[in-house]
2 protein chains.
Amino acid sequence: METALDRALRVFRERGYHATSIGDLTAAMRLATGSVYKAFADKHAVFMAAFERYTALRQEQTRNAAARGENGRERLRQVLLSYVEHSQGIEGRRGCLVVGSAVELSAVDPVVAARVSAQLKTNESFIAGLIREGQADGSIPGHVEVDATARLMICITQGLRVVGKARLPLDGDRLVAIAMKLLA
Amino acid sequence: METALDRALRVFRERGYHATSIGDLTAAMRLATGSVYKAFADKHAVFMAAFERYTALRQEQTRNAAARGENGRERLRQVLLSYVEHSQGIEGRRGCLVVGSAVELSAVDPVVAARVSAQLKTNESFIAGLIREGQADGSIPGHVEVDATARLMICITQGLRVVGKARLPLDGDRLVAIAMKLLA
DNA sequence: CATAATAGGGAACAATCGTTTCCGAATAAA
DNA sequence: TTTATTCGGAAACGATTGTTCCCTATTATG
């Protein structure tokens with residue numbers, strides 16, 4: 001059973017912050033405006049709650065994907081495959097709230113800008129951790145520059161979401177196979 | 001001397017479509033609303049004109065960057081360096097109108113969605129062309145999968161713009177050196 | 001049973017939006 | 001010189017926005 005916030009999250013993912021009206025939110029959440037304002041201070045607060053909900057969900061999904069690998073390299077490969085999977089089809093077209101927020105709000109909303117920046121760093125730390133794990137277990141060579149490679153992989157993941165939102169097809173197996181060259 | 005459309009473009013890049021009001025546009029363009037509506041049918045038409053202006057500028061910049069290389073591989077390296085350069089500092093924070101439009105408008109504006117998709121494919125074809133050129137002149141190995149690598153590189157370029165907009169620092173030399181592993 | 005609290009709803013409100021209309025000044029043409 | 005056209009401007013307009021206020025129904029409490 002989906003909560004009202006989950007439904008709000010879906011609208012924000014698809015349309016972004018500014019193109020989503022209170023009317024859109026109340027329709028999606030199946031609540032009246034008075035009820036929304038009893039639960040949340042304002043529209044921005046609904047958005048921030050949706051953002052936190054989204055990042056919690058996605059981090060869990062990413063951890064689950066990593067858990068499918070048996071060494072650092074394989075965990076990272078599963079994470080990348082998971083990103084491609086979430087970047088295409090209906091899920092891909094809905095979009096990523098982190099990417100959407102970075103692009104739409106970074107310049108005009110310091111609160112969101114700070115939150116987005118922190119989230120990208122968290123995701124990057126996770127990937128850097130997998131690279132280090134791979135170097136420790138021998139599945140990734142020691143000469144791979146951890147931080148810069150993690151930064152580049154974050155660029156790939158965010159770019160996947162943009163390209164997926166623009167509806168260009170993404171062949172996960174091929175793209176990830178090539179991306180793994182970065183760990184050579 | 002900057003034209004009114006160039007100034008409108010700057011506002012759209014930074015704030016996007018929905019967060020830019022007609023008042024923002026008239027202030028930036030230094031024209032009154034009546035003048036804007038004499039020159040353009042509506043707000044959407046201003047946006048489309050700005051989008052065309054932007055893609056023309058960026059394509060020229062990318063061609064100029066490629067021209068700095070002497071073989072396919074080196075041209076591609078210069079293109080990637082150029083993307084990183086445009087993804088950081090003030091220029092990076094302003095944002096990319098293609099990425100912005102993909103994320104903000106793909107779901108709600110079929111005209112923009114089609115235009116964004118076409119532009120990404122154009123950029124990708126350009127990169128694929130450089131890879132093929134590199135394979136022809138021997139600077140890139142023949143086993144590199146052209147289409148999938150070009151698609152992945154498009155993801156990198158769009159991701160760079162997102163990460164740059166979110167103000168994470170990007171070290172062009174290091175990132176591009178690692179990205180070139182994709183051509184090994 | 002009466003009162004208070006809670007929950008959900010929707011209209012009212014002031015502000016802002018995008019677009020249209022109309023004005024005045026300057027320039028061109030007859 | 002008069003009239004028409006062009007140009008730039010800004011207010012008016014209807015619609016939509018986000019938020020506040022107040023209503024009704026239900027449930028809890030004394």
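Every chain is numbered from 1 and lettered A, B, ... according to where its sequence line falls, protein lines coming before strand lines. All values derive from a computational prediction rather than experimental measurement.
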(message) When you compare the side chain of B:Leu80 with that of B:Met180, does any pair of heavy atoms fall below 4.5 Å?
(response) yes
(message) Which label fits A:Tyr17 and A:His44: parallel for a plane angle under 30°, tilted from 30 to 60°, or perpendicular past 60°?
(response) perpendicular
(request) Find the distance A:His44:NE2 to D:dT17:C1' and express it as a whole number of Å. (result) 17 Å
(message) Distance check needed: C:dT19 P versus B:Asp42 CG, whole Å only.
(response) 5 Å
(request) Tell me, with the steps shown, if B:Gln78 and B:Arg75 meet side-chain hydrogen bond (donor to acceptor under 3.5 Å, both in side chains). (result) CA-CA 5 Å; B:Gln78 290 295 329; B:Arg75 290 189 193 289; over 6 Å; no
(message) Let's see if you get this right: which residues in residues 14-24 of chain B place a heavy atom under 4.0 Å from DNA chain C?
(response) B:Thr20, B:Ser21, B:Ile22
(message) Please list, in numerical order, the residues of residues 26-41 of chain A that have a heavy atom closer than 4.0 Å to any atom of DNA chain C.
(response) A:Leu31, A:Ala32, A:Thr33, A:Gly34, A:Ser35, A:Lys38
(message) Between B:Asp173 and B:Arg77 (salt bridge meaning N to carboxylate O under 4.0 Å), is one present in this structure?
(response) no
(message) Quick check for you: to the nearest 0.5 Å, what is the distance between A:Tyr54 atom OH and A:Arg10 atom CZ?
(response) 12.5 Å
(request) Report the distance from atom CG of B:Leu152 to atom NZ of A:Lys181, rounding to the nearest 0.5 Å. (result) 9.5 Å
(message) Checking the side chain of A:Ser117 only, and the main-chain atoms of A:Ala114 only, is there a donor and an acceptor separated by less than 3.5 Å?
(response) no
(request) Give the minimum heavy-atom separation between A:Cys155 and B:Leu160, together with the two atoms involved. (result) SG-CD2, 3.7 Å
